[in-house]
Structure formats: structure tokens, C-alpha cells
Amino acid sequence: MTDHFAFRLLATDGRARRGEITMPRGTIRTPAFMPVGTGGTVKAMYLDQVRELGADIILGNVYHLMLRPGAERVARLGGLHEFARWPHPILTDSGGFQVMSLAGLRKLDETGVVFKSHIDGSEHSLTPERSIEIQGLLDSDIQMQLDECIRLPAERAEIERAMEMSLRWAERCKVAFGDQPGKAMFGIVQGGDVVDLRLRSAEALAALDLKGYAIGGLAVGEPQAVMLSILHETLPAMPEAKPRYLMGVGTPDDIVESVRRGIDMFDCVMPTRAGRHGLAFTRRGKVNLKNARHAEDPRPLDETSSCPAARDYSRAYLHHLVRSDEQLGAMLLTWNNLAYYQSLMADLRDAIERGAFESRAGAIKDEWARGDI
Ligand SMILES: Nc1nc2c(CCc3ccccc3)c3nc[nH]c3cc2c(=O)[nH]1
């Protein structure tokens, strides 16, 4: 066990990295996929199942938890790990991104943001200091700086303004976070699709000597080629010895291409959201269980899988559950999809250790490219 946060590189294969983050609450094997647990729960899953699938860390959200049940209430109940019965590491987002995408934004200036709750219309504010305070109340292990994520396409001047304010907010978050050896505060690189702004953001954040860095402002609808070119240009300017977290990414193809360019950590709502909408990811391609062709198909999704949801239930039964909008449909398909994502990450970690990243990457990309089966 350790009382500090430490990242170690165990192997590399080209720019792809195999590493691990050790923290008091556990070790995070990278490349890592972090299931999104926005309101202190990974939707339609028991957290024991999430753990059994190989997840070392889950994500939480300042925005949702500050509105309901409230950060001070979670603190009074022992913090998020106690509240949700997840004793392993938790990373929390700072709330700015969710305010832009979910809330009614009332004001955004140097101080922070003022917004109306999407739940009951009540007015709230977030400053860099308050976001870090909330993440502390949640007892979060990896805390994200408050930042401003610009929607693309945008004018250079607008991207530059938001990037520079996010840098000033990173400094304020670092001061507010102080010195917490067993925890980490990550900076978030912004700069839109403008390479010189991306580099300025990466270099200024590196100078703050934070414990890890995220690449923000992507996975907001831009073409994959744009995302990958920004990674290719930005990652070399980021400290080798610190973990890199690409926020909101992505499909298996996105993940493979981002690992290839040097990303260590991922989050995406895709496997859980798709599961709730009847879409199953398998090693032989995607299966849309809403489709009538599955109505009498006795085969499971993947008889070779170790996940009961993939191995033990017929497509006919899954089709029935999805068509009847039964809770069990969302539960089984979410289980299957998270199992698929965690098995991809385990494959990639193993392939990098063996110096076989390229061949494994090609196989995963081909699997994903297959249409509906
Ligand atoms: N703070 C921040 N978050 C982002 C998220 C949410 C990731 C998240 C973290 C923790 C819980 C849920 C979601 C993005 N998702 C897609 N693209 C994203 C970009 C940003 C970004 O630029 N900044």
C-alpha cells in the first residue's frame, strides 16, 4: 500500500504506454477505461459487478452531486466511497463541462460560472475554489480543475480567451487543492483545434507540476481525424512521466488510435448509454437487439465470453427484454458492454507489454468496423 500518488511507466511500444497509478485506495492499470458513475452509480450496474469486470476506478460528477444530494450531505454521510460502497479510486469532473451541456448558464466570467439547475431551476455558482472544495467534500481521489470547454467550430480569439482563463483557473485550483499526498489534482489542456494554443496550454500546465493532465475540449462532435491530429501535436509537449487522460473518449477505434498516440486514461458514456438503448458490443461487431431478426435467435451474444450477460442469455430473450423495455434488458446489455470495454483495455495493456500493440490494435479496429451482425 502507498500513502502517495505515483505513476510508473512499465512498458512502451512506439508511443503506446503501459503503466500504473498507485494511490492509497488502490492501483489503476493503464491504459485504463473509467466507467462513468455520474450520480455515484454506474447506471444499471451493481458496483461489485463493475469491479469484477476489471474497473480500477470510476468517475463521479461535481455538477450532478452538488445539485443532488448535495456535497455537504455526502460529506456528512462519510464521502462518496462510503455513500456508494466503492472503496477503490474515484475521479471527479469539476462541473464546468456539465454546466455548459446540461444547465441553464446564467453567467461565466473570471470568477466562475452561475447557472440554473436542470433539475429544479434553482440558481448555483461554481468557482475554481468551490469546485475543489466540493471534490474534497466528496473525498475524491483524482480531482479535475474547473475549466471552460469551448464548442467547436469557434473563432481563434474565443478559443484563446477560454484557454487562457482555464489556465488561470488551473492555478487557482492548485492553490485551493494545496498539498494532499494521497490525492491528485489534474490540469486540463484546452485550446480547441488550434495547435499553437494547445501547445501553450500544455506547456503552461506542465510548469504547474501537477500530478496528471487531461486533454479536454475534444469528443464534442469533431471528426476523429481532427481529434487524432490534435493528440499527435499536443502529446509530445506533455510530461512523459505524468498520466494523460483523454476526456470523453470514446469508441473502441478512438481508444486504440489514442493509446497509439500516448493516452493512458479514458472515460465514455458509450458502453453504458448504448446498453440502455439495446445496443450490444461484441468481439464480432455490434448487435442491435431492437432488430426483429433477433426475435428467435437462440444463440448468446458471445459464447466465449466470461461475462454471463454475453454467454448465458439468448439474443431472442435480450430482444424480448429490449422490446418490452424491461429493466433487465438495460442491466444485461450494460453488463455486456462494460465487459467488452474492460476486455479491450486488458488486451491493449497485455499487447503493449508484449510489444504487440500494432497487431492487437488492428484486430480490435477490424472487429469494431464490422457492421450490425
Ligand atoms: N472538465 C471537462 N470535462 C470534459 C468532459 C467530461 C468528462 C467526464 C468526467 C467525469 C464524469 C463524466 C464525464 C468531456 N466529455 C467529452 N468531452 C469532454 C471534454 C471535457 C472538458 O474539456 N473538460
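This is a predicted model, so every value here is computed, not measured. Any value given below was found using the heavy atoms of this structure, including those in side chains, with hydrogens, waters and symmetry copies removed. For ligands, and for the atoms within them, numbers begin at 1 and follow the listed sequence.
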Residue portion contacting ligand 1 (non-hydrogen atoms closer than 4.0 Å) for [X]:
{"X": "Met144", "value": "neither"}
{"X": "Val269", "value": "neither"}
{"X": "Tyr63", "value": "neither"}
{"X": "Asp267", "value": "side chain"}
{"X": "Leu218", "value": "backbone"}

Flag [X] as yes when one of its N or O atoms lies below 3.5 Å from any N or O atom of ligand 1, and as no otherwise.
{"X": "Thr38", "answer": "no"}
{"X": "Gly216", "answer": "no"}
{"X": "Leu59", "answer": "no"}

Measure the distances from the heavy atoms of [X] to every atom of ligand 1 and state whether one is below 4.0 angstrom.
{"X": "Gln145", "value": "no"}
{"X": "Tyr245", "value": "yes"}
{"X": "Gly217", "value": "yes"}
{"X": "Gly95", "value": "no"}
{"X": "Gln190", "value": "yes"}

Where the side chain of [X] meets the backbone of [Y], is there a donor-acceptor pair that is under 3.5 Å apart?
{"X": "Arg51", "Y": "Ala55", "value": "yes"}
{"X": "Asp264", "Y": "Pro243", "value": "no"}
{"X": "Ser343", "Y": "Tyr340", "value": "yes"}
{"X": "Thr30", "Y": "Ala32", "value": "no"}

What's the shortest distance from [atom] to any protein heavy atom, and which residue and atom give it?
{"atom": "atom 21 (C) of ligand 1", "value": "Asp147 OD2, 3.6 Å"}
{"atom": "atom 10 (C) of ligand 1", "value": "Asp93 CB, 3.4 Å"}
{"atom": "atom 20 (C) of ligand 1", "value": "Phe97 CD1, 3.5 Å"}
{"atom": "atom 15 (N) of ligand 1", "value": "Gly248 CA, 3.5 Å"}
{"atom": "atom 11 (C) of ligand 1", "value": "Asn61 ND2, 3.5 Å"}

Scan side-chain atoms only and decide if Asp141 and His81 contain a donor-acceptor pair under the 3.5 Å cut-off.
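Yes, a side-chain donor-acceptor pair sits under 3.5 Å.
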Is any side-chain heavy atom of [X] less than 4.5 Å from a side-chain heavy atom of [Y]?
{"X": "Ser125", "Y": "Arg130", "answer": "no"}
{"X": "Val114", "Y": "His124", "answer": "no"}
{"X": "Arg311", "Y": "Leu301", "answer": "no"}
{"X": "Val189", "Y": "Ser201", "answer": "yes"}
{"X": "Asp93", "Y": "Tyr63", "answer": "no"}
{"X": "Val50", "Y": "Ile58", "answer": "yes"}
{"X": "Arg18", "Y": "Glu353", "answer": "yes"}

Under 4.0 Å to a heavy atom of [X] - the qualifying atoms of ligand 1, by number:
{"X": "Gly60", "result": "10 (C), 11 (C)"}
{"X": "Cys149", "result": "21 (C), 22 (O)"}
{"X": "Ile188", "result": "1 (N)"}
{"X": "Gln98", "result": "6 (C), 13 (C)"}

Evaluate the ring planes of His118 and His64, with Trp represented by its six-membered ring, and classify them as parallel (under 30°), tilted (30 to 60°) or perpendicular (over 60°).
perpendicular
